[in-house]
J.: 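So that we are looking at the same thing, I have put the structure below in structure tokens.
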Amino acid sequence: MPELPEVEVLARHLQRLLPGKTIRGVDVRRPKVLRPDSPDHFCRALLGAKFTGLSRRGKYFLFQLRRPKSREDFTLLGHLGMTGRMYLARKNAPLPKHAAVVLDLGRENFIYEDTRYFGRLTLDLSAVASLGPEPLSDDFQPASFGQALKRSAQAIKVKLLDQSLVAGVGNIYASEALFRARIAPQRAANRLTAAQVKNLWSAIRTVLAEAIDCGSTVPLNFAGGADNLFYFGLAAGMEDYYEERLLVYDRAGQGCSVCGRPIKRIVQAARSTFFCPHCQKK
DNA sequence: CACCATGTTCCTTG
DNA sequence: CCAAGGAACATGGT
């Protein structure tokens, strides 16, 4: 699930469920996802704490927690990596194969599962400090965005994945934003014109905002089946619907939605890029 | 067996 | 110190 829009949609969902709930038990099944925390430190901090809020920064979740008798919140940082999911599940539901951390919340469990274990759940907040501006906030401005791009000769697509430039854009929405802005992904970042910078700035915001809207409206399997109460995911059969809105990502060989010519796939920085060579100009 | 996958971090090299 | 390129992390799908 993991680019800014998916994290945002899930954060909004969990925000309705978590506040007020107390952590009565902590089961760390994959200590590596706590890095650099030790399981001991992690468990001691969380045990007995109560969720008070939840927000998002880039692709990170910021869980606000409070210890009993304390007036001060502390923050738990979450990241889904490539394959992570976080949801509440029934106490008696069988744990998923790749459960990384399970928090006992009384009536239900908070499950963080992650097939590849690239994600994190940690008290170490240092990763957030180096993030660039939030793309959907007023902190993200064309002028400063353009300034930052000037300092790099890297291909613009690769630059968009740099979380210190702008926080939350990943491999899917980088391709989508460049298609929308009609800019070739190979173009050097420092060679975009001012007009292109503005278009790209705007395209990033549009693409992310539309994805959040889509994720908020698409039928989600919040309730789940009998064994999986509170499970979060797309409702059955909705995966395609959710991906239809992507205009170029994973569409190599298909006709461009604007000109009809085939979408191409290239590899940049060891990752796939999808684009229309006809519509996206260098 | 080969290659691919929504991400980040570490290590080199220049 | 910085920019850039590549490998590593770990598992599963096709």
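In this text, all values refer to a predicted model and were calculated from it rather than measured experimentally. Proteins come first, then strands; the chains are lettered A, B, ... in the order of their sequence lines, and each starts at number 1.
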J.: Of the residues in residues 156-167 of chain A, which ones touch DNA chain B at a heavy-atom distance under 4.0 Å?
T.: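 Listed by number, they are A/Q163.
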
J.: Phosphate oxygens OP1/OP2 of B/dT6: is one of them under 4.0 Å from a side-chain N or O of A/R271?
T.: yes

J.: Within the pair A/K97 and C/dT11, is there a side-chain N or O less than 4.0 Å away from OP1 or OP2?
T.: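 For A/K97, the contact criterion (side-chain N or O under 4.0 Å from OP1 or OP2 of C/dT11) is not met.
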
J.: To the nearest Å, give me how far apart CD (A/E113) and P (C/dT11) are.
T.: 14 Å

J.: Does B/dT9 have a Watson-Crick or wobble partner in any strand here, with both distances under 3.5 angstrom, and which is it?
T.: C/dA7

J.: For the residue pair A/K157 and A/S175, what are the closest heavy atoms and their distance?
T.: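 Here A/K157 and A/S175 meet closest at CE-OG, 4.0 Å.
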
J.: Heavy atoms only, 4.0 Å cut-off, all strands: where does A/A153 land among base, sugar-phosphate and nothing?
T.: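 Sugar-phosphate contact only - A/A153 comes under 4.0 Å of backbone atoms but never of a base.
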
J.: Assess the residue pair A/T273 and A/V158 against the criterion (side chain to side chain contact (heavy atoms under 4.5 Å, CB included)); give the C-alpha distance rounded to whole Å, side-chain angles, the decisive distance to 0.1 Å, and a yes or no.
T.: CA-CA 9 Å; A/T273 300; A/V158 176; over 6 Å; no

J.: Closest approach to the side chain of A/K32, judged atom by atom: which nucleotide of C/dT11, C/dA10, C/dA4 is it?
T.: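 Nearest to the side chain of A/K32 among the choices is C/dA10.
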
J.: Over how many whole Å does the gap from A/D114 atom CG to C/dA10 atom P extend?
T.: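 Taking CG of A/D114 and P of C/dA10, I get 12 Å after rounding.
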
J.: Of A/R56, A/R205, A/K59, which is the lone residue that meets salt bridge (Lys or Arg N to Asp or Glu O under 4.0 Å) with A/E134?
T.: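 Output: one option passes, namely A/R56.
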
J.: Say whether A/L54 and A/L77 are linked into one hydrophobic cluster, either directly or through other cluster members, by side-chain heavy-atom distances under 4.5 angstrom.
T.: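 No, A/L54 does not connect to A/L77 through the hydrophobic network.
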
J.: Does a donor on one side chain and an acceptor on the other come within less than 3.5 Å for A/R265 and A/S272?
T.: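 Result is yes, a qualifying pair exists.
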
J.: Which whole-number value in Å describes the distance from A/I266 CD1 to B/dC4 C1'?
T.: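 So the CD1-C1' distance, A/I266 to B/dC4, works out to 17 Å.
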
J.: In this structure, are over 12 heavy atoms from other groups packed under 6.0 Å from A/R35 atom CZ?
T.: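 Yes.
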
J.: Does C/dA10 have OP1 or OP2 sitting under 4.0 Å from an N or O in the side chain of A/T83?
T.: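 Negative; the distance criterion is not met.
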
J.: Does a side chain donor of either A/N190 or A/S152 reach within less than 3.5 Å of an acceptor in the other side chain?
T.: no

J.: How far does the C1' atom of B/dT6 sit from the matching atom of C/dG5, given to the nearest Å?
T.: 22 Å

J.: When the distance from CD1 of A/I212 to P of B/dT6 is rounded to whole Å, what number comes out?
T.: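 Roughly 20 Å, once rounded to whole Å.
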
J.: With distance as the sole criterion, do the side chain of A/R116 and the base of B/dA5 form a donor-acceptor contact below 3.5 Å?
T.: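 Donor-acceptor pair under 3.5 Å: yes.
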
J.: Below 30° counts as parallel, above 60° as perpendicular, anything between as tilted: where do the rings of A/F110 and A/F51 land?
T.: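 The arrangement is tilted - the two ring planes meet at 30° to 60°.
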
J.: Can you tell which of B/dT8, C/dG12, C/dA10 lies closest to the side chain of A/H79?
T.: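 So the side chain of A/H79 is nearest to B/dT8.
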
J.: Rounding to a whole Å, what distance do you find between A/R151:CZ and C/dA3:C1'?
T.: 12 Å

J.: In whole angstrom, give the distance that lies between atom CD of A/Q154 and atom P of C/dC2.
T.: 15 Å

J.: Hey, which of A/C256, A/S257, A/P277 is the one that makes side chain to side chain contact (heavy atoms under 4.5 Å, CB included) with A/I263?
T.: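 Exactly one option meets the side chain to side chain contact (heavy atoms under 4.5 Å, CB included) with A/I263, and it is A/C256.
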
J.: Rounding to a whole Å, what distance do you find between A/K150:NZ and C/dA3:P?
T.: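 The answer, rounded to whole Å, is 16 Å.
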
J.: Of all the nucleotides listed (B/dC4, C/dT11, B/dT6), which has the minimum atom distance to the side chain of A/H98?
T.: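 That would be C/dT11.
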
J.: May I have the distance from A/R35 (atom CZ) to C/dA8 (atom P), rounded to whole angstrom?
T.: 17 Å

J.: Does a side-chain N or O from A/R30 land closer than 4.0 Å to OP1 or OP2 of C/dT11, or not?
T.: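 Result: yes.
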
J.: Between A/K59 and B/dG7, is there a side-chain N or O to OP1/OP2 distance below 4.0 Å?
T.: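 Yes, within the criterion.
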
J.: Got a sec? Which of residues 117-127 of chain A come in under 4.0 Å of DNA chain C, heavy atoms?
T.: A/Y117, A/F118

J.: Can A/S38 and A/D40 be counted as having a side-chain donor-acceptor contact under 3.5 angstrom?
T.: no

